[in-house]
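Each chain gets a letter, A, B and so on, in the order its sequence line appears, and its residues count up from 1. What you are looking at is a predicted structure, and each value in this text was computed from that prediction instead of being measured.
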Amino acid sequence: MEGSNTDEVTDGSVTRDIRRPAAPLSPPGAPATGEETDGSETIQVLRPPASHKPAQDRPAEPEPEATEPEPADSEPAEPAEPAEPAEPADSEPAEATEATPTAADSAEIQAAEAQAEDGGPSHVFESEDVKDTQVWALADVRQLLAKTEAPRASTPAAAEAPASAVDAANAAEAVQAEEAVEAVEAEDDATYTRPFPKPAPRPRKPAPPPPKPRAARPARPAEPPPAPQATPTLSAIIVTGEVSAWHNLRVTLASMRAQQAPPQQIIVVVDHCDELAELARAALDGVTVLHNEGGHRGVAAARNLGLSIATGDVVAFHDDETAAEPDWSACLLAAFADRQVLAVRSNLTLRWVSGRPTWFPEELTWLMGDSCTGSPEDGGPLSDLYGAGLAFRREALAAAGGFPEDLDHQAGNVLAEPPGGVKAELWQRLRALHPNGKVLYEPSANVRSGISARRATRGYVISRCVAEGKSLAAVPQRDRGRRELSSHLSQVKASLPRTAFHAITLTGPNNVKPWQALLTRLLAMLATIFGYLSGRLDSTRTDRISQASNLTWFIARTALPVSTILWGLSLRAVDLDEMTDLGLLTVMPVTFWVAIAIMVIGFVALLGDRHALELWHAGYVLILIAVLHATPSLLYPTLRYSWAWKHVAVIDYLIRHGATDPETGPLSAYHQWPGFFSFFALMTETAGLENSIDIAKWGPLAFNVATLLPLLLLFRTVTRDRQLIWGAIWVYFSCSWVGQDYFSPQATTLVLYLIVLAVVVRRFRRGPIRAGADPDGLAAEPPPMTSTFARLTWTLLLVIPIAAIASSHQLTPLMLVATLAFLFVLRRYRNLGILMLSAALAGGWAVGVAWQLLESKLNYIIASLGDAKDNLDAGLITLGSAAPGQVIVAYADRALSGGLWLLAIGGAVLRRRWLRRPGLPLLMIGLSPLVFLAAGSYGGEIIFRVYLFTLPLTAFLAASLFLPNRRAWIRVIVLPVVLLLMVGGFFFGNYGKEQSNYFTMDEVRLVRELHRIAPENSLIVAPTFYLPGAYDDYERFDQLWLDELPPSRTALPNLPTYVPTLSEFVKEPTPALISLMSKLPPGAKGYLVLNRAQRPATETAGILPKGTIDRLKQEVVASGRFKRVLSNPGGDVYELVPRER
Amino acid sequence: MTFSRVSLLLLAASGWLAVLVTETAAGAPLRVVVTMVFLLLCPGAAVIGLMRPLLGRRDHTGDAMESAALAFAISIGLGMIVSELYFLTATFTMSRALMTLAAFTTVAALGALVTTRRARRAPAPRREVNRRREPQDW
């Protein structure tokens, strides 16, 4: 081989596309020439057959003109068929005598001699297994040489029989067909049966057309027409990669040359080993040596490199441990005579070079190159490509792009058969191109494969299993990867019971130690599954992404545990009694804020490390959620927030009565939409808890964690950028300050709402998405389009959560309908069915079940419709007499919300191109809640609810302003500051009113005691309902909260005279109170509760003027009409004493 | 989520296990964990297992997460619907509601056993191929 040519081929070999010859399958070789070797090689070197095509058809042919044997051109004059098998046979005795002296034990010596001749380093023989391999392999070669020699010696004519018979038959066919080769191929060839879009000819490598062949071409003008097509020609590609494998390689080569039908071309690809490549180039003759350097490591890449210069119709792949029997190629090529056959797997015999390990179970031989699904007894079609000894029709393999290199994972630095993912993907590609093609198993084509001592270790088995798993996880079609995984493991899995029995009873095959084999099976399964899972988790292809710096890596990995520990420690130093009107902020120690700062910095560092597993991101977000939402659960002695107490009371009612309350009362909305309450009543009862306080306490944490999953799904549908996805999730949780995540129907239905939307966006796509410009690489792989039937099934499945939403909350179902209607605008999500279904369920519940309540509120709802300005105003706190801390809190809320919206608008402008195409569904989901600003005030709450429902969009856009970003300083300096501000703002917004939201156990005891002593139908009055358990046993009492008094008599015309207005109460508290509490049913009493939380709840928030509570207390005591019945550090309870007659 | 036969049988039994542990001491950790896991995951998982063969290809990124989220959502949804039906008709007792859910889970899981076996019997690749265009001999 000419050195210059091969060098050119190896240059840049990794990036080069696979070259396909322009002409159809090259006609088979005329007889190979049995020319003598140069004599420098002990193993006979096969001359590649002469080129039978004009040289310009094969510009890449590395065959040098200079060494091309002249006789080849004149050969076709002779009868072609018989010559082919006979010719190489002629040369075999030479090899047999030269290469193998008679004594078998001389193999090693001979090898050493060969080595010395080659001038190779002597240390290559240090490895013992090499010698072993060589011994048996050489013995094989000798054996097979003897086999070939024998028939030839008897009758030359008979010797030709096996191969030439086939050849002749094919030749006859081929001769007639020769004129119309093109036409016949168009019909018969598997490659052409279906008019598939022929891939555009790949750009050829510019290097190979050297001037020399072109100059040589006219020198042979009288080239005879190509010989009639007989059997396909064969290129054998042998991949090797270690100097120590040198001798094995020569054994493999010898077995190739000893073929009855020798390969037209033998290509040795050296994978990343300069030494061996040089050695091979210098010492091997008649063999094309390629060096795969600089690109992908591994067998797949090396084979593709070999494939790129292969010229045979069929390419067969070997490695340096395989050897073929002499009739292998003939049998193989005979199988390829059927033009539908795309690939053939030879019959593989495994041989343990260093003895079979006693721990190795039969079911794992697929790890060593065997097929994993077994082989059909008599040959026949296969349904996978797994296993060694494969040969492909070259055109088909090249059209499929060769072996998918990115799925190749090398185990233990040993070059073995590519793992399952490569085979599964290749199978898929071949099938897509040639639906009629077949893959056969040819039992008569025998290949032997040695298993060297290096592969016969537990370490190799485990790492090979991991590599298999990783490779399968990377298969583009997840479904297929998983199927392959289970088919790989099915044998092992099925054998477990039997082998467990063997292990216990110490029975089973003699050559296997049952316990060890069982352990190997288990370890192999675990390792494969581990590899698969880790491959799946590492979902981003990180090949081209540069490694993060050590510092970044270190910060990202250490900040999480450090901040978690700091957070835990900081909770011990909290004194809740010190809390001021700024809320929880004021009592958290410095270590708490340090923990948050470290966490933010660590998260930002993690965003910079693009190789990190996403489990790390999830870990950071989960700890963020814990810090934000579990802190009060851990600090406070009892359930936080009086609304949560109210919900607990409703659940308690349901448990006590086993039925909803049909009466119209202050809590009747809860009984008309009871889904949330009934579910948690069921949960409380099944868990055997006394009440749902213990569940409610962890509500915020649980609901936020449950939100994570649908958010992740939603964001992943619109972008593939991991930085952006996790950044947006971080922003979502740190900006979700409106506090609607406590134990409540809205928190539950929000989770369900997001899950339904995530499924709708993923599974209800029915139209195409036009690809727009995507300069930032943001767009995600769009979800697959679905059939009508599939969408119908999904709709049926979604009926359950949608019905749950409709029966649990008033606002969320309307939000859902609005969002689905907005999505309906997009052609790709135009699904009338699910929109109508949601509307029907929401409307049906409201009308069918909750009509009574709805009717009573109808006037109010209609009045607030369309009054957007008032609805907005209704949500904002009146700042008149609020405490200064609360003013700061209110401004912090606004700054956080306004800031987020500004960032989101900035992000929308920056990513407008993304927003117009892949981001559209998220845009629609985010914009739809805005219509509710005009639709109703929802008790002054609507602006907060709209903020919450738009948060997925706004958080995403705000994050997209910073991520991804080419400018590192933005990520390193600006982003941490922004994220810290957001978390700080969250503490203002969510925990700014903690003075009144947290309760002491004294307060709890006070209210419990009151409920115990109060007679039925008593009236319980408090300034606000900020007392724990305000509604416990609420059906037994009447509750009256002073802050709910009407502001003036004009606002409520029919107000009875004994009920004071709020301003009348502030002016003269006691008389107003006495008047209010005087109307009592017989036997009932009136109680005034003044607990600790009332002062901050009224005065700090600015509902009542400062000092009102103190004044009330003094006047109540002084009036003589009230008797203090209960008192503890949590507050006092006064009973109204009836007027003395 | 691909369910093996064993896991489907376990799923079918999970509800009755939950019914069983409600006989143990109130508030015992085992009881709390078993009943909560059942209420939050099992009915939905069984329903998804039942519908799985009808839901089309699962080869998009995030399918497992989607299944997990849906199992959660459907479990909660079923729990809500069943319990509120009992409450609204004033017939609620804990064992009734729990047994209804357990029975539903069992039926769905056993149904899933049948549907997955059917889906497995049918050659999986062929379902993906458009029959009008693809020849049959592969």
If you compare all heavy atoms of [X] against all heavy atoms of [Y], which two are closest, and at what distance to 0.1 Å?
{"X": "B:Phe72", "Y": "A:Ala706", "value": "CE2-CB, 3.8 Å"}
{"X": "A:Leu712", "Y": "B:Met65", "value": "CD2-SD, 3.5 Å"}
{"X": "B:Ala68", "Y": "A:Leu709", "value": "CB-CD2, 4.1 Å"}
{"X": "A:Glu685", "Y": "B:Arg31", "value": "O-NH2, 3.1 Å"}
{"X": "B:Ala69", "Y": "A:Leu713", "value": "CB-CD1, 4.4 Å"}
{"X": "A:Thr748", "Y": "B:Met80", "value": "CG2-CE, 3.6 Å"}

Below 4.5 Å, heavy atoms only, C-beta onward: do [X] and [Y] meet side chain to side chain?
{"X": "B:Leu101", "Y": "A:Leu682", "answer": "yes"}
{"X": "B:Asp63", "Y": "A:Arg762", "answer": "yes"}
{"X": "A:Pro674", "Y": "B:Phe87", "answer": "no"}
{"X": "B:Val21", "Y": "A:Thr686", "answer": "no"}

Where does [X] contact chain A at under 4.5 Å (heavy atoms): side chain, backbone, both or neither?
{"X": "B:Leu39", "result": "both"}
{"X": "B:Leu40", "result": "side chain"}
{"X": "B:Ser95", "result": "neither"}

Do you know which of [options] has the most heavy-atom pairs under 4.5 Å to chain B?
{"options": "A:Phe676, A:Phe789, A:Phe680, A:Trp845", "result": "A:Trp845"}
{"options": "A:Ala659, A:Ala804, A:Gly658", "result": "A:Gly658"}
{"options": "A:Ala681, A:Pro801, A:Ser807", "result": "A:Ser807"}
{"options": "A:Ala790, A:Pro783, A:Ala803", "result": "A:Pro783"}
{"options": "A:Leu689, A:Leu754, A:Val759, A:Ile805", "result": "A:Val759"}

Item to check | Pick from B:Ile74, B:Ile81, B:Thr22 with the largest number of heavy-atom pairs that fall under 4.5 Å of chain A | outcome: B:Ile74

Checklist entry - Given that the side chain runs from C-beta out, which part of A:Val799 has a heavy atom under 4.5 Å from chain B: side chain, backbone, both or neither? => result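 For A:Val799, neither part sits under 4.5 Å from chain B.
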
For the [atom1] atom of [X] and the [atom2] atom of [Y], what is their distance to the nearest 0.5 Å?
{"X": "B:Ile48", "Y": "A:Leu797", "atom1": "CD1", "atom2": "CG", "answer": "6.0 Å"}
{"X": "B:Met36", "Y": "A:Ile695", "atom1": "CE", "atom2": "CD1", "answer": "4.0 Å"}
{"X": "A:Leu654", "Y": "B:Phe92", "atom1": "CG", "atom2": "CZ", "answer": "8.5 Å"}

Checklist entry - Which residues satisfy the ring pair (Phe, Tyr, Trp, His ring centres under 6.0 Å) test with A:Tyr670, sequence neighbours excluded? => result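 Result, ring pair (Phe, Tyr, Trp, His ring centres under 6.0 Å) vs A:Tyr670: A:His647, A:Phe677.
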
Next on the checklist: Set out, in order, the CA-CA distance, both residues' side-chain angles and the distance that settles side chain to side chain contact (heavy atoms under 4.5 Å, CB included) for A:Leu792 and B:Leu54, then state yes or no.
Outcome noted: CA-CA 10 Å; A:Leu792 184 72; B:Leu54 302 176; over 6 Å; no

